[in-house]
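Here's the structure, in structure tokens; my notes come after.
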Amino acid sequence: MADSEKIVGTVDQIVYTNPDNGYTVCVVDCGGEPITAVGVIPSLAEGETLTAVGRWTVHDSFGKQFKVESFEKSLPLEGDGIYKFLSSGYIKGLGPVTAMRIVERYGEESFNVLSDHPEWLAEFKGINKKRALEIGEDFKLKFGMRDVVMFCSKYFGTSFCTKIYKKYGGAAVDLIKDNPYILYDDIQGIGFERIDRAAKDMGVPADSPERVKCYIKHLLSVAAYNGGHCYLDREVLVDAVCRGLEIGSEQTEDQVNTLAAAGQIILDGNRVALKLYNEAERYVAEKLTALSIAELPFRISGIDGNISFLESKYDIEYAPNQKQAIKLATSNGVTVVTGGPGTGKTTVIKAILNIFSASGISFMLCAPTGRAAKRMSEASGNEAKTIHRLLETNFTSKGEQSFYHNEHNPLPYNAIIVDEVSMVDVLLMQSLLAAVREGTYLILIGDSDQLPPVGAGNALSDIIESGRFNVIRLNEIFRQARESLIVVNAHSINNGEMPRLTDRKKDFFFIEEHDADSMADLISDLCEKRLPARYGVRPSEHIQVISPTRKGPLGTVALNAFLQNALNPKSKVKAECKIGSTLYREGDKIMQTKNNYDISWIQNGKEGLGVFNGDVGVILKLEPKKQYAVIRFDDRVAEYDFSMFEDVEHAYAVTVHKSQGSEYPIVIMPFFDFPPMLMSRSLLYTGVTRAKQMFIGVGRPHCVRDMVENDHRQRRNTTLKELFESIK
């Protein structure tokens with residue numbers, strides 16, 4: 001890698017800037033040939049002096065560019081530079097004419113006048129005192145942020161400076177110097193390690209109480225994000241803190257008690273939980289119980305007659321447990337319907353919706369992901385939304401996320417049907433239930449044998465195991481579904497039996513390979529040539545490669561690079577560029593990996609906000625010079641600044657976890673000696689059930705056997721089941 005270099009010059013032109021994250025493309029005059037500099041440089045203005053450290057890169061279309069890694073900037077000192085700065089539009093209310101007047105009268109003192117005596121501007125024709133003061137306020141606001149940027153960028157990266165300034169204003173630097181660990185709670189995305197490095201540089205003692213408290217919260221958060229735990233045993237937590245910070249248990253116990261006294265963590269016997277998760281579990285337990293016993297104001301009569309009518313209308317006969325599911329769902333506040341593929345969950349949903357419609361009961365369908373919602377909509381013939389869109393994302397004045405629909409503004413429906421509930425973590429479940437009015441029919445549908453949610457908690461399993469609610473398990477595989485080897489093998493796997501791998505006449509195939517490179521070549525060949533030639537399918541739309549892991553020769557990172565070259569090769573008619581360390585080109589299949597509520601999109605001429613974790617799209621257009629891309633997500637089209645690609649990755653191959661809630665016509669999955677924790681029955685079952693028309697396994701047969709035999713499920717620390725049982 002090339003060594004870092006430094007440039008110093010005057011900002012001659014701002015080509016592009018994103019006001020939200022500070023990503024900037026500018027032209028810098030360094031006394032010779034103009035230099036194009038790119039990077040996150042918030043609040044940059046024409047006329048400023050920029051000192052930047054970075055590396056030279058060569059763009060395929062736009063040539064040599066300087067990628068800024070760190071920077072300093074200063075105000076211009078002479079008349080021409082001052083005028084260029086003031087006339088650039090950076091200061092609200094100042095245009096070229098007023099800027100010239102200020103520079104002509106005050107010269108090198110212009111900035112001091114704007115900062116300390118803005119009322120003097122009222123002496124100019126056309127500027128009253130109110131406007132003069134407003135200009136001065138905007139000048140001070142912009143330069144308050146400059147101090148924050150200069151101090152914070154070396155520790156946290158310039159992308160966080162805007163967030164920090166919005167949170168703390170001009171007091172940010174003093175607050176952070178006093179206690180850098182306040183950032184952990186206040187600024188999303190700045191982790192403990194980064195804050196800890198900054199604190200060490202600022203001279204904060206290694207045994208600082210604030211450091212210990214922050215590390216305690218950090219470990220509880222890591223347990224939630226990586227293990228799905230809503231709490232940790234106190235001994236486990238204290239031991240981890242002592243080892244991680246190299247301090248004594250007495251000091252750790254003191255800070256655990258201090259955090260508990262302040263209400264930031266909750267102590268429940270030997271359990272320690274972040275307040276966020278403790279409150280979420282308690283709320284879910286109380287609200288679900290309340291919904292289950294609430295009087296239903298919209299009672300449905302003659303349910304048996306309705307069921308008989310539907311059987312006659314659609315020439316079907318519901319199985320006994322399907323009838324029971326329909327009856328319970330249309331006569332109780334809370335009903336859970338669970339079961340594997342081919343057991344008739346969709347048939348039950350359709351019947352329930354028919355009865356609701358005939359009875360004049362308003363309803364809405366929802367699911368945790370866009371793919372799951374789309375599949376639900378297609379299967380039922382009714383509109384379905386993601387839970388986030390149903391609740392409508394809002395933001396507070398401080399930029400914090402909330403939902404428009406909540407306890408104070410509940411959803412306007414008499415019935416809510418939620419699919420793929422196994423994916424719903426406890427925080428999202430809390431938000432959803434908060435928006436459901438008592439007296440609403442709530443129907444939760446999911447497969448409890450699939451993987452648990454990525455986030456904390458295990459809500460569906462805890463709800464079922466509590467024994468407090470009406471739960472119907474659909475376990476009969478219907479005749480048509482029995483024709484599918486995907487369905488038959490999925491149930492075999494779930495029962496701990498080996499799937500049939502040698503039957504080549506149906507929709508489940510296994511191709512034996514033992515070498516990783518040969519597996520990758522075969523997967524590529526299947527996607528690029530064999531399947532399209534035989535079945536006329538389009539790889540990007542009909543084929544999905546899924547892998548248990550991101551890492552290794554058959555992880556998604558390696559497979560995505562391999563498949564990109566095969567399915568979307570370099571072309572003169574396709575723009576491409578490297579964003580971060582990843583090469584993207586027009587036509588690439590990508591996935592959003594984090595919820596982003598700020599991204600605007602257009603759908604059939606209507607505008608909306610929000611692209612969410614798991615949404616899959618295609619890059620329609622790349623504009624390297626302007627540093628943005630146009631991406632289509634189904635029928636929504638969004639613009640992405642290149643800095644937003646930190647939450648984007650290729651989706652030719654995705655992990656099994658990321659595939660949850662989705663269904664694909666053809667699924668290809670490698671079987672290799674992956675890490676033991678990934679060689680589980682539930683992961684295999686989840687992968688197989690993602691396939692709608694065909695499943696193709698590629699790899700080592702003994703790996704299939706190992707996964708089937710491993711029914712170990714990592715225990716999640718949750719209290720939801722106990723809370724249900726404790727409520728009278």
Worksheet item: Heavy atoms, side chains only, cut-off 4.5 Å: are Met423 and Thr369 in contact?
Response: yes
Practice prompt. List the atom of Pro118, the atom of Asp116, and the distance in Å for their closest heavy-atom pair.
Written response: CD-C, 3.5 Å
Discussion item. Would you say that Gln592 contacts Val648 through its side chain, given a criterion of any heavy-atom pair below 4.5 Å between the two side chains?
Written reply: yes
Discussion item. Check for me whether Lys67 meets the cation-pi criterion with Trp56, that is, NZ or CZ under 6.0 Å from the six-membered ring centre and within 45 degrees of the ring axis.
Written reply: no
Item to complete: Would you please test Phe192 and Tyr215 for ring-ring contact (aromatic ring centres under 6.0 Å, His included) and show each step?
Response: CA-CA 7 Å; Phe192 172 83; Tyr215 192 60; 5.0 Å; yes
Worksheet item: Would Tyr277 and Leu427 satisfy side chain to side chain contact (heavy atoms under 4.5 Å, CB included), going step by step from the backbone distance to the final call?
Response: CA-CA 7 Å; Tyr277 295 106; Leu427 297 181; 3.6 Å; yes
Worksheet entry | CG-CG distance between Leu50 and Asp12, expressed to the nearest 0.5 angstrom | 12.5 Å
Discussion item. If you define the side chain from C-beta out and look only at heavy atoms, does anything of Ile216 sit under 4.5 Å from Gln255?
Written reply: yes
Item to complete: State the CG-OG distance between Leu567 and Ser524, to the nearest 0.5 angstrom.
Response: 6.5 Å
Worksheet item: With a 3.5 Å cut-off and no angle check, do the side chains of Tyr16 and Asp641 form a donor-acceptor pair?
Response: yes
Fill in: Glu72, CD: over 12 other non-hydrogen atoms inside 6.0 angstrom
no
Worksheet item: So, are Glu576 and Lys570 salt-bridged, with charged N and O less than 4.0 Å apart?
Response: yes
Worksheet item: Any side-chain heavy-atom pair from Phe66 and Glu5 closer than 4.5 angstrom?
Response: yes
Practice prompt. Examine distances only and state if a side-chain atom of Ser87 and a backbone atom of Ala99 form a donor-acceptor pair shorter than 3.5 Å.
Written response: no
Fill in: Step-by-step side chain to side chain contact (heavy atoms under 4.5 Å, CB included) determination, Gln564 to Phe562
CA-CA 6 Å; Gln564 181 193 37; Phe562 205 67; over 6 Å; no
Item to complete: Would you mind reporting whether Arg105 and Val113 have side-chain heavy atoms less than 4.5 Å apart?
Response: no
Discussion item. Using 0.5 Å steps for rounding, measure from the CG atom of Asp615 to the CG atom of Asp634.
Written reply: 8.0 Å
Response to the item:
Rounded to the nearest 0.5 Å, the SG atom of Cys577 sits from the CD atom of Glu623 at a distance of 10.0 Å
Fill in: Derivation of the side chain to side chain contact (heavy atoms under 4.5 Å, CB included) call for Glu134 and Lys92
CA-CA 8 Å; Glu134 288 173 348; Lys92 186 178 178 182; over 6 Å; no
Worksheet item: What is the minimum heavy-atom distance between Ile195 and Tyr181, and which atoms define it?
Response: CG2-CD2, 3.7 Å
Fill in: Which residues share a side-chain hydrogen bond (donor to acceptor under 3.5 Å, both in side chains) with Tyr225, sequence neighbours left out
none
Worksheet item: Considering all heavy atoms of both residues, which atom of Ile91 and which atom of Phe85 are nearest to each other, and what is their separation?
Response: CG1-CE2, 4.4 Å
Extract all donor-acceptor atom pairs below 3.5 Å that involve side chains of residues 548-555 and protein atoms in other chains or at least two apart in sequence.
from, atom 1, to, atom 2, distance (Å)
Thr549, OG1, Lys551, N, 3.1
Arg550, NH1, Glu649, OE1, 2.8

Fill in: Glu607 CD: over 12 foreign heavy atoms closer than 6.0 Å
no
Worksheet item: In terms of side-chain geometry, is the basic nitrogen of Lys213 or Glu210 positioned less than 4.0 Å from the acidic oxygen of its partner?
Response: yes
Worksheet item: Passes salt bridge (Lys or Arg N to Asp or Glu O under 4.0 Å), Lys574 versus Glu586? Steps please.
Response: CA-CA 5 Å; Lys574 294 178 183 177; Glu586 291 174 349; over 6 Å; no
Discussion item. How close do Val68 and Ala37 get, counting heavy atoms only, and between which atoms?
Written reply: CG2-CB, 4.1 Å
Worksheet entry | Shortest non-hydrogen contact from His218 toward Tyr184 | CA-OH, 2.9 Å
Worksheet item: Can you find a heavy atom in the side chain of Val11 that is under 4.5 Å from one in the side chain of Leu44?
Response: yes
Worksheet item: Does atom CE of Met677 have more than 12 heavy-atom neighbours, drawn from other residues, nucleotides or ligands, at distances under 6.0 Å?
Response: no
Discussion item. With heavy-atom distances below 4.5 Å as the criterion, would you say the side chains of Ile590 and Val618 are in contact?
Written reply: no
Discussion item. If you apply the rule side-chain hydrogen bond (donor to acceptor under 3.5 Å, both in side chains), what do you find for Tyr168 with Asp174, and how did you get there?
Written reply: CA-CA 10 Å; Tyr168 305 122; Asp174 290 337; over 6 Å; no
Worksheet entry | His650: which of Thr582, Asn568, Asp588 passes side-chain hydrogen bond (donor to acceptor under 3.5 Å, both in side chains) | Asp588
Worksheet item: Taking Thr10 for the side chain and Asp29 for the main chain, is one N or O donor matched with an acceptor at less than 3.5 Å?
Response: no
Worksheet item: Would you call the rings of Phe151 and Tyr155 parallel, tilted or perpendicular if under 30° counts as parallel and over 60° as perpendicular?
Response: perpendicular
Discussion item. Looking at Ser115 and Asn112, would you say the former's side chain and the latter's main chain have a donor-acceptor pair under 3.5 Å?
Written reply: no
Item to complete: Supply the atom-to-atom distance Ile247 CD1 to Asp207 CG, rounded to the nearest 0.5 angstrom.
Response: 8.0 Å
Item to complete: Could you check Leu622, Val616, Ile619 and say which one makes a side-chain contact (heavy atoms from CB on, under 4.5 Å) with Ile631?
Response: Ile619
Worksheet item: Quick one: does Thr655's side chain get under 4.5 Å of Ser547's, heavy atoms only?
Response: no
Worksheet entry | Derivation and outcome, side chain to side chain contact (heavy atoms under 4.5 Å, CB included), residues Leu121 and Leu114 | CA-CA 8 Å; Leu121 302 186; Leu114 287 168; 3.7 Å; yes
Item to complete: Scan Tyr83, Phe111, Phe124 and name whichever one has a side-chain contact (heavy atoms from CB on, under 4.5 Å) with Ile102.
Response: Phe124
Discussion item. Please find the pair of heavy atoms, one from Ala456 and one from Asp425, that lie closest to each other, and give the distance.
Written reply: O-CB, 3.2 Å
Discussion item. Could you check whether atom CD of Gln603 has more than 12 heavy atoms from other residues, nucleotides or ligands sitting under 6.0 Å from it?
Written reply: yes
Worksheet item: Under 3.5 Å, is there a donor-acceptor pair between the side chain of Arg632 and the main chain of Val637?
Response: no
Item to complete: Hey, can you tell me if Tyr640 and Phe633 have their rings parallel, tilted or perpendicular (30° and 60° cut-offs)?
Response: tilted
Worksheet item: Between OG1 of Thr51 and NZ of Lys6, what distance do you get to the nearest 0.5 Å?
Response: 6.5 Å
